[in-house]
Amino acid sequence: MTKKLKVYEIDPEVKVVVLKGNGKAFCAGGDVVASYIYMVAGHWSYGANTYKKKLILDYAVATYGKPVVALIDGIVMGAGAGLSMHGAFKIVTENTVFAMPETAIGHFVDVGASHFLSRLPGFLGEYLGLTGTTIRGEGMVACGLATHFVLSKDLHLVESALDEVTSSDTNKISKIISKFEHKPNVKQDDVYSRLEIINKCFSRKTVEEILSSLEIEAGNRADKWVLEAIKSMKAGSPISLKISLKSIREGRMQALDQCLAREYNIFCHIMRRTVSIDFFEGIRAKFLDKDENPKWEPARLELVSDEMVGQYFSRVDEDDWETLQLPARSSSVDIMRPRL
């Protein structure tokens with residue numbers, strides 16, 4: 001994909017690039033089992049090198065010299081979010097389901113999520129990142145994760161119209177897409193409608209305080225989503241939750257290249273098992289043995305110290321290790337302040 005994008009960017013005949021999935025999903029994530037095998041059978045850097053290529057691709061999409069339009073019909077999670085959320089246009093449908101469920105497998109919200117989640121209204125990004133909650137296409141438009149809502153049956157019309165564009169002007173392309181836009185029916189129980197309580201709970205300083213705040217809310221109200229948020233967080237890896245929260249919080253005031261560099265550091269520490277083996281345990285429980293019963297270590301939030309979390313944000317202590325080097329790009333990335 002990176003090679004193709006380089007070719008299209010300098011081709012004067014190409015005015016816009018369209019990304020779409022081949023099947024019922026846009027992209028459900030990266031191949032974590034393959035990463036697991038690389039690291040168990042070889043050296044941790046094998047997985048890190050693949051991950052580096054993924055981040056460079058995400059950065060290419062974000063800084064692309066021509067508009068990138070993602071047609072997101074179906075599931076978009078993890079690595080799929082990294083591919084699509086950084087593009088100029090994110091078109092979703094009634095079939096779209098977005099989530100960042102990394103903490104459930106001992107990983108952390110990555111592929112630039114510390115940038116795009118932290119720029120959602122209020123503390124919605126923390127909520128989505130820490131709970132892995134799914135959000136549908138309608139809600140994605142409401143909160144700013146997506147730019148346009150189009151019915152699935154009309155996506156081929158959008159694509160045909162984009163085939164005819166003669167300019168890379170984003171305003172003109174936006175007008176073309178808007179011709180097929182459908183008014184989304186945002187339900188009363190949608191994620192965005194919960195923002196007041198989400199802000200109240202997820203603005204807390206620590207994961208423990210967030211969880212405690214949610215439990216107080218659960219005692220005061222019978223909202224199902226609050227109970228589901230508590231259940232999801234308690235099932236997730238304690239250290240993954242703390243890494244994810246710290247990463248999103250740091251991402252609020254950082255540009256995308258800084259976020260990707262930090263996420264690469266964190267990933268390398270996870271691959272090296274610097275502090276914990278939770279990622280390997282999460283893959284075992286979810287994809288290999290499929291017992292859905294991971295044994296997290298540390299097992300409880302209170303056992304995860306700030307020092308332990310901080311190690312993931314430090315340089316990797318190996319002589320031949322290098323920080324993420326992103327290619328120089330002429331296009332600028334949106335570095336707007338988060339909408340608190």
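No experiment lies behind these values; they were computed from the predicted model shown. Side chains are part of it too, since the values below use all heavy atoms of this structure and drop only hydrogens, waters and symmetry mates.
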So, the side chain of [X] versus the backbone of [Y]: is there a donor-acceptor pair under 3.5 Å, distance only?
X      : Y      : value
Trp296 : Gly282 : no
Ser244 : Ser240 : yes
Ser168 : Lys15  : yes
Ser178 : Glu181 : no
Thr63  : Tyr59  : yes

Is it the case that over 12 heavy atoms from other parts of the model lie below 6.0 angstrom from the [atom1] atom of [X]?
X      : atom1 : result
Glu302 : CD    : yes
Ile277 : CD1   : no
Asp306 : CG    : no
Asn22  : CG    : no

Looking at residues at least two apart in the chain, or sitting in another chain, which of them share a side chain to side chain donor-acceptor pair (under 3.5 Å) with [X]?
X      : result
Thr147 : none
Tyr312 : none
Lys231 : none
Asp73  : Thr93, Asn95, Ser152

Worksheet item: What residues, two or more places apart in sequence or in another chain, satisfy side chain to side chain contact (heavy atoms under 4.5 Å, CB included) together with Thr50?
Response: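 Once residues adjacent in sequence are excluded, the partners of Thr50 under the side chain to side chain contact (heavy atoms under 4.5 Å, CB included) criterion are Tyr38.
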Pair Ile239, Ser276 - check side chain to side chain contact (heavy atoms under 4.5 Å, CB included), show working. CA-CA 8 Å; Ile239 199 163; Ser276 171; 4.1 Å; yes
Query - Value rounded to 0.5 Å, distance of CZ in Phe202 from CG in Leu124 - result: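 If I round to the nearest 0.5 Å, the distance is 9.5 Å.
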- Considering all heavy atoms, the nearest Thr170-Pro67 contact: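 Nearest heavy atoms, Thr170 then Pro67: CG2-CG, 3.8 Å.
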Query - Minimum-distance pair of heavy atoms, taken over all atoms of Ala48 and Phe267 - result: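 It is CA-CE2, 3.8 Å.
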- Task: Kindly state whether the ring of Phe313 and the ring of His269 have centres lying under 6.0 angstrom apart.
- Result: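 When the ring centroids of Phe313 and His269 are compared, they turn out to be at least 6.0 Å apart.
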Pairs involving [range], ordered by first then second residue, that meet salt bridge (charged side-chain N to carboxylate O under 4.0 Å, His left out) (sequence neighbours left out):
range            : result
residues 31-60   : none
residues 260-287 : Glu250-Arg262, Arg272-Glu318, Glu281-Arg284, Arg284-Asp289, Arg284-Asp291, Lys286-Glu292
residues 196-214 : Lys200-Glu217, Glu208-Lys242
residues 158-178 : Lys20-Glu159

Show me, pair by pair, the donor-acceptor contacts under 3.5 angstrom made by side chains of residues 78-92, not counting sequence neighbours?
from: Ser84; atom 1: OG; to: Gly80; atom 2: O; distance (Å): 2.9
from: His86; atom 1: NE2; to: Val111; atom 2: O; distance (Å): 3.1
from: Lys90; atom 1: NZ; to: Met85; atom 2: O; distance (Å): 3.4
from: Lys90; atom 1: NZ; to: Gly87; atom 2: O; distance (Å): 3.2

Can I get a per-line list of side-chain donor-acceptor pairs under 3.5 Å for residues 133-146, giving both atom names and the distance, sequence neighbours left out?
from: Thr133; atom 1: OG1; to: Tyr127; atom 2: OH; distance (Å): 3.4
from: Thr133; atom 1: OG1; to: Thr131; atom 2: OG1; distance (Å): 2.5
from: Arg136; atom 1: NH2; to: Glu94; atom 2: O; distance (Å): 3.1

query: Who else is in Leu227's hydrophobic cluster (ILVMFWY, side-chain heavy atoms under 4.5 Å, direct or via others)?
result: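 Members besides Leu227: none; it forms no cluster.
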Under a 3.5 Å cutoff, is there a donor and acceptor pairing between the side chains of Tyr51 and Asp110?
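Result is yes, a qualifying pair exists.
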Pair Glu215-Ser213, side-chain donor/acceptor within less than 3.5 Å: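 Glu215 vs Ser213: no donor-acceptor pair found between side chains.
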